[in-house]
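Working notes for the structure below.
This structure is a prediction, so every number in the text was calculated from the model and none was measured.
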Amino acid sequence: MGGRFRLGLKGKMSLLLALLLVFIVTCLSVLVLSGIRENQRSMLEQSFTRQAEAANLRVREEYLTESRIPPDQFMMQTGQRLAVDLGAQSGMAVTLYAVDGSFAGTSLPFQPRADVQDALQFTAQGQSAYITEGDQLLFLAPLYNAEQRLGTVQFHASLAEQNAFYARIRQLFLLAGATVLIVGFLIGYVYVLRQVNVIDRLNRAASQIGKGDYLSAPSVVRKDELGKLAQGIYEMSGSISTSVGALHEEKQKLLETVGRLRELEQQQKQFIGNISHELKTPLTSIIAYADLLTMYSDDPTLLDDAGRRIHAEAQRLYSLVEKALQLSAMDVYEFETQAEAVPLCPLLEEAVARLQGKADSCGVTIHTSLVEGEVWADPENVMHIMLNLLDNAIKYNRPGGQVHLLNYIAESADGASRMIIEVADTGIGIPKEAVSRIFDPFYTVSRDRSRASGGTGLGLALVRNLIEKQGGTVQLVETGPDGSRLRVELLLHAFHTERTTYTPNDIARNE
């Protein structure tokens, strides 16, 4: 049984080697013969092209020396003489035709009988044509005087010598291929016999691994495929322990995933707790002032103050619910943004105009330094982003403070051009310990100040989500006792023609 297996393996490997030899010899033969045929064709084309150019020059010179006569008449009068001259000049048989395709002359002792009407139609369009008849090749090319067509020249060439050379080379390849095949097969068969012992050793090594007795070294040391196989069998014994380690890593990843799910669940619970607390605070105030209205309905001052308080808390409650619903919807649903080319300058100017009244009432001055440019984004989302950022810059500013809004085009880290929008204020800044959390939902630096200004801690969370849906980023780039500066990056419109790169320093100089 084992001997038949070895004999079968030897036969299969020998057959494979023979097939490979046949394939290689066949491919080489086909490539070389194709190269020879292509070279013959290329040299013949070059020769015909040179002869056609020389014939064209000779006929043009003859035509220009004659009195101005129609091309057909010229070819009928001088065609025979020109054909003989061109035949002597080129060393090939030459036939000339007039513009209308009629025979004009030939250097052959008799008029050719070949049907060249289809080829003459090609030359009438300014193209060259080939006609092959056995060992004979006809090449036809148009004759011109400037833009005026004079007729057609036809060269006769024999392919007998080229075909005979090609046949001799093909026969040589057949003999050489057969010799290489026989000799290679014999050498390969002897080589296969010597490999049987190596394969048996590899088989014993595999059986040893199957029994759990792993290898301490490769069973065969070679620099060929069998050596690689022996090395692979040796590495297989060590890969089992590696696989155990990989399984452990997968388990760790699974545990991390479970932990992340638990973290998300905890965040959800925290979100519900936060929204419940934030909703309870204004509702408590509203109920308290409503009770005061009932208890002291005859006190106009108290009624006026309570009404204003209830209105303010109701506005804060409405803003909180609206932003919470927006943030929750963006987390749960994947809304498609209607991205388009948005001219940024008018949008930023409109955002400033909407908040100008609030800035005036807070004693805050808004300064703008804007450059033209288009971004690829949802205009409503961009407007919502800018209103939130400008509103925060106004609310958390000092009386008599300033808000600076500017934009410029710059290259991002990946080498792509982006539109940069910066909003800076002269407020009290953000503590260092709060910088990493300002984009978290419901987080406020100061709850007293947020409640006084109507802040919910959801504005910047909404801004971050909206910007990420536009393929952009937002970050706090500077904060301190003199204020804060936030930077927004948005994608430029792909067809934006303005490619100049601006920097904040350039804008400062323009101001």
Side-chain angles (χ1 to χ4, degrees), residues 25-63 71 75 78-147 149-177:
V25 171
T26 302
C27 289
L28 288 176
S29 301
V30 171
L31 290 175
V32 173
L33 291 175
S34 299
I36 292 174
R37 182 67 80 183
E38 179 65 22
N39 183 63
Q40 289 178 337
R41 186 191 64 78
S42 177
M43 293 179 63
L44 196 59
E45 287 183 354
Q46 294 176 6
S47 175
F48 278 137
T49 301
R50 291 194 297 270
Q51 295 300 337
E53 291 175 352
N56 202 78
L57 179 61
R58 175 71 179 86
V59 173
R60 188 185 304 119
E61 291 175 350
E62 185 71 23
Y63 180 74
M75 291 299 294
T78 62
Q80 183 62 36
R81 176 171 56 83
L82 286 173
V84 173
D85 292 345
L86 292 175
Q89 176 182 333
S90 63
M92 290 186 288
V94 175
T95 300
L96 294 178
Y97 297 92
V99 175
D100 60 1
S102 60
F103 177 79
T106 180
S107 64
L108 295 172
F110 55 89
Q111 181 175 341
R113 298 289 183 181
D115 183 8
V116 297
Q117 292 305 315
D118 292 339
L120 288 175
Q121 292 180 6
F122 277 95
T123 60
Q125 300 175 4
Q127 302 178 7
S128 300
Y130 292 89
I131 300 177
T132 303
E133 295 182 348
D135 289 339
Q136 299 298 317
L137 177 65
L138 303 181
F139 174 75
L140 291 86
L143 297 172
Y144 284 97
N145 174 38
E147 299 296 330
R149 185 165 170 266
L150 300 178
T152 301
V153 60
Q154 172 183 297
F155 293 97
H156 304 245
S158 175
L159 300 177
E161 183 177 349
Q162 292 184 356
N163 291 338
F165 173 76
Y166 183 82
R168 289 196 300 272
I169 294 297
R170 184 173 57 185
Q171 185 67 25
L172 178 62
F173 269 97
L174 288 175
L175 293 175

Taking only residues two or more places apart in sequence, or in another chain, which ones meet Phe165 in a ring pair (Phe, Tyr, Trp, His ring centres under 6.0 Å)?
none
Atom pair CD/OH of Gln117 and Tyr97 - distance to nearest 0.5 Å:
8.0 Å
What residues, two or more places apart in sequence or in another chain, satisfy side-chain contact (heavy atoms from CB on, under 4.5 Å) together with Leu174?
Gln171
What's the separation between atom CD in Gln51 and atom CG in Leu86, rounded to the nearest 0.5 Å?
9.0 Å
Any side-chain heavy-atom pair of Leu82 and Leu96 under 4.5 Å
yes
With sequence neighbours left out, write down each residue that passes side-chain contact (heavy atoms from CB on, under 4.5 Å) with Ser34, or none if nothing qualifies.
Val30
Using distance only, find each side-chain donor-acceptor pair of residues 121-128 under 3.5 Å and give its atom names and separation, not counting sequence neighbours.
from, atom 1, to, atom 2, distance (Å)
Thr123, OG1, Leu120, O, 2.8
Thr123, OG1, Thr152, OG1, 3.2

Below 4.5 Å, heavy atoms only, C-beta onward: do Leu137 and Phe48 meet side chain to side chain?
yes
Kindly indicate whether the side chain of Gln154, heavy atoms from C-beta on, has any atom under 4.5 Å from the side chain of Phe139.
no
Rounding to 0.5 Å, atoms OG1 (Thr78) and CG (Leu150) come to a distance of 9.5 Å
Which pair of heavy atoms, one from Pro142 and one from Arg149, lies closest together, and at what distance?
CB-NE, 4.4 Å
Non-neighbouring partners of Val32 that pass side-chain contact (heavy atoms from CB on, under 4.5 Å), sequence neighbours left out:
Ile36, Phe173
N/O donor-acceptor pair under 3.5 Å between Asn56 side chain and Tyr144 backbone:
yes
Could you pull out the closest heavy-atom pair between Ala55 and Phe155, with the gap in Å?
CB-CZ, 4.0 Å
Straight-line distance of Thr132 OG1 to Leu138 CG, nearest 0.5 Å:
8.0 Å
Within the side chain of Thr106, is there an N or O that forms a donor-acceptor pair under 3.5 Å with the backbone of Val94?
yes
So OG of Ser107 and NE2 of His156: to nearest 0.5 Å the spacing works out to 6.5 Å
Any residue meeting side chain to side chain donor-acceptor pair (under 3.5 Å) with Asp100, in chain and number order, not counting sequence neighbours
Ser102
Qualifying residues under salt bridge (Lys or Arg N to Asp or Glu O under 4.0 Å), relative to Arg81, sequence neighbours excluded
Glu62
With side chain to side chain contact (heavy atoms under 4.5 Å, CB included) as the test, would you mind laying out the steps for Val116 and Ile131 before giving the verdict?
CA-CA 8 Å; Val116 297; Ile131 300 177; 3.7 Å; yes
Hey, could you give me each pair passing salt bridge (Lys or Arg N to Asp or Glu O under 4.0 Å) that has a residue in residues 85-99? Not counting sequence neighbours.
Arg58-Asp85
For Glu38, all residues meeting side-chain contact (heavy atoms from CB on, under 4.5 Å), sequence neighbours excluded
Arg41
